[in-house]
Amino acid sequence: GGGGGGGGGGQGVFGGGDQWLTNNLGLQRDGVALLVLLWALIILPKRERQILRQTEDAEGQGDMFAAAKPLAATDASRGVAESILREDYGKQLGGWTRINMNLGVLSRTGFIERRKNVIHEGALLDLAFDYGDLAPRIIEGALGELLAQRRAAALPEESAETKGAD
């Protein structure tokens, strides 16, 4: 489907303002960031596995019902431990109190389910964002930046090693 977002100069994916989604969910920016993060951690890998499976099925045979087959257990979404959010993303998402509050909102609105301190896909999480729009931005944008940072961090070590070898 179509997509919101877009927007002008430097406003990022969701535009300006602290409460761009307030009319719908009451989420502030940290809540939206959490929603995007959970989508990326839970839905993105699930979709990638589905695409890979469909590609493998298509290469293997001309089964006209391949897309209609039920998902293999490995294609189902996997949960994310709340401890991972706390440890890896706590500071960026406003601390555990804010994360916990936003998880409550996302749970009540059907985006996630919380079971035994693990966050699972809710009925609406897969529908929260358009895969075709957001996946490339996450994969190429955030992942590209992360890889660039890792490359930059590795370069000084490599150049020091090559100087020592001369």
Side-chain angles (χ1 to χ4, degrees), residues 1-55 67-150 153:
Q11 295 205 352
V13 180
F14 300 110
D18 273 348
Q19 294 183 313
W20 72 273
L21 213 52
T22 296
N23 297 340
N24 299 331
L25 301 175
L27 283 178
Q28 293 185 354
R29 285 184 110 127
D30 59 349
V32 174
L34 179 60
L35 180 59
V36 172
L37 177 65
L38 291 171
W39 186 89
L41 291 173
I42 296 173
I43 300 302
L44 202 53
K46 179 181 89 165
R47 289 286 192 89
E48 296 294 321
R49 288 190 302 273
Q50 289 171 349
I51 291 167
L52 181 65
R53 188 179 128 258
Q54 288 172 350
T55 304
K69 286 180 188 171
L71 284 179
T74 57
D75 283 350
S77 66
R78 297 179 177 126
V80 174
E82 290 182 7
S83 60
I84 289 175
L85 285 182
R86 185 175 21 243
E87 294 162 16
D88 293 354
Y89 306 102
K91 287 180 184 164
Q92 298 94 320
L93 295 172
W96 183 243
T97 304
R98 290 287 305 167
I99 292 172
N100 208 25
M101 186 192 74
N102 284 318
L103 287 173
V105 173
L106 295 176
S107 180
R108 284 191 302 277
T109 52
F111 286 106
I112 62 168
E113 293 177 8
R114 295 170 85 179
R115 299 190 298 269
K116 297 181 183 176
N117 297 320
V118 177
I119 301 159
H120 297 274
E121 174 183 359
L124 298 178
L125 187 60
D126 204 347
L127 307 173
F129 304 102
D130 182 82
Y131 177 84
D133 287 343
L134 192 55
R137 290 178 120 158
I138 290 174
I139 293 167
E140 295 162 15
L143 191 58
E145 288 175 25
L146 181 67
L147 293 174
Q149 288 172 358
R150 291 213 172 137

(message) Do Leu38 and Leu85 have side chains that approach each other closer than 4.5 Å (heavy atoms only, starting at C-beta)?
(response) yes
(request) Using the salt bridge (Lys or Arg N to Asp or Glu O under 4.0 Å) rule, take Arg78 and Glu121 through it: C-alpha gap first, then chi angles, then the decisive distance, then the call. (result) CA-CA 8 Å; Arg78 297 179 177 126; Glu121 174 183 359; over 6 Å; no
(message) Checking the side chain of Ser107 only, and the main-chain atoms of Leu103 only, is there a donor and an acceptor separated by less than 3.5 Å?
(response) no
(message) Can you list everything that forms a side chain to side chain contact (heavy atoms under 4.5 Å, CB included) with Leu127? Sequence neighbours excluded, please.
(response) Leu124
(request) Measure the spacing between CG of Leu106 and CD1 of Ile112 and express it to the nearest 0.5 Å. (result) 5.0 Å
(request) Hey, could you give me each pair passing salt bridge (charged side-chain N to carboxylate O under 4.0 Å, His left out) that has a residue in residues 103-120? Not counting sequence neighbours. (result) Glu82-Arg114, Glu113-Arg115
(request) Scan for salt bridge (charged side-chain N to carboxylate O under 4.0 Å, His left out) pairs involving residues 83-101, sequence neighbours excluded, and state none if there are none. (result) Asp30-Arg98
(message) Restricting to side-chain hydrogen bond (donor to acceptor under 3.5 Å, both in side chains), what partner residues turn up for Tyr89, sequence neighbours left out?
(response) none
(request) Taking the side chain as every heavy atom from C-beta outward, state whether Val118 and Val80 have any atom pair closer than 4.5 Å. (result) no
(request) Mind checking side chain to side chain contact (heavy atoms under 4.5 Å, CB included) for Thr97 and listing every partner two or more places apart, or none if nothing turns up? (result) none
(request) Could you pull out the closest heavy-atom pair between Pro45 and Ala40, with the gap in Å? (result) CD-O, 3.2 Å
(request) Provide the closest heavy-atom pair for Gly31 versus Leu27 in the form atom of the first, atom of the second, distance. (result) CA-CD2, 3.9 Å
(message) Tell me every residue that passes side chain to side chain contact (heavy atoms under 4.5 Å, CB included) with Ala123, counting only those two or more places apart in sequence or in another chain.
(response) none
(request) Grab the two heavy atoms, one from Ile119 and one from Ile42, that are nearest each other, plus how far apart they are. (result) O-CD1, 3.8 Å
(message) I want to check something: taking the side chain as every heavy atom from C-beta on, are Asn102 and Leu93 in contact at a cut-off of under 4.5 Å?
(response) no
(message) I need the Leu134 CG to Arg47 CZ distance, nearest 0.5 Å.
(response) 10.5 Å
(message) To check you understand the geometry: which heavy-atom pair defines the closest contact between Ala135 and Leu44, and what is its length?
(response) CB-CD1, 3.6 Å
(request) Report the residues that fulfil side-chain hydrogen bond (donor to acceptor under 3.5 Å, both in side chains) with Glu48, sequence neighbours left out, ordered by chain and then residue number. (result) Tyr131
(request) Check whether any side-chain heavy atom of Leu35 lies under 4.5 Å from a side-chain heavy atom of Phe129, and answer yes or no. (result) yes
